[in-house]
J.: 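Okay, handing you the structure first.
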Amino acid sequence: MSGSPDDERLEELRKKKMQELQEQAGQQGSAEQQQAEEAAKQRAEQQKQALLKQYLTDDARQRLNAVQMSKPDFAEQVERQIVALAQSGRIQGRIDDDKMKALLKELKPESKSFNIRRR
């Protein structure tokens, strides 16, 4: 550089523009990555729903939907368990309402009971 104020100003503007372009490129890359992750999540959800539809009877699906309304975290755990059983080949036939009740009882978290004594 010759050290003139115009050259210094021009160099400053170039650096600033380059930084802005790099930030934009980074934002575009992260947006594309988010879209790819979202698409993967949707595909996984669709596969899970297809497996549930294949292995659960209508009554069992209704029961699972009722659980989903009251305890979404527990219902998600049950769905993951059913998918894991289906993928490992440990489900023979379809899960009916009685089997779903048994599975829900088996997976039900331990209830915490409190014993209060008065003195």
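Worth knowing before you read on, the calculation uses all heavy atoms, side chains too, and leaves out hydrogens, waters and symmetry mates.
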J.: When Ile, Leu, Val, Met, Phe, Trp and Tyr are grouped by side-chain heavy atoms lying under 4.5 Å apart, directly or through other members, which residues fall in the same group as F74?
T.: L51, L52, Y55, L56, L64, V67, V78, I82, V83, L85, I91, I95, M100, L103, L104, L107
J.: For a quick test of your reading: what N or O donor-acceptor pairs under 3.5 Å do the side chains of residues 33-47 make, sequence neighbours left out?
T.:
unit_1	atom_1	unit_2	atom_2	d
E45	OE1	K48	NZ	3.4
E45	OE2	Q49	NE2	2.9

J.: Looking at residues at least two apart in the chain, or sitting in another chain, which of them share a salt bridge (Lys or Arg N to Asp or Glu O under 4.0 Å) with R61?
T.: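 In terms of salt bridge (Lys or Arg N to Asp or Glu O under 4.0 Å), with neighbours along the sequence ignored, R61 is linked to D58.
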J.: Is there any salt bridge (Lys or Arg N to Asp or Glu O under 4.0 Å) pair reaching into residues 66-75, and which pairs are they, with sequence neighbours excluded?
T.: none
J.: So K16 and E20, do their side chains get closer than 4.5 Å, heavy atoms only?
T.: yes
J.: Could you list the residues that satisfy side chain to side chain donor-acceptor pair (under 3.5 Å) with Q62, not counting sequence neighbours?
T.: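 Partners of Q62 by the side chain to side chain donor-acceptor pair (under 3.5 Å) criterion come out as none, since no residue qualifies.
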J.: Got a sec, which pairs hit salt bridge (Lys or Arg N to Asp or Glu O under 4.0 Å) with one end in residues 86-107, sequence neighbours left out?
T.: R63-D97
J.: My understanding is that only residues two or more places apart in sequence, or in another chain, count here; which of them pass side-chain contact (heavy atoms from CB on, under 4.5 Å) with Q92?
T.: none
J.: How far does CZ of R14 sit from CG of L10, to the nearest 0.5 angstrom?
T.: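 Answer rounded to 0.5 Å: 4.0 Å.
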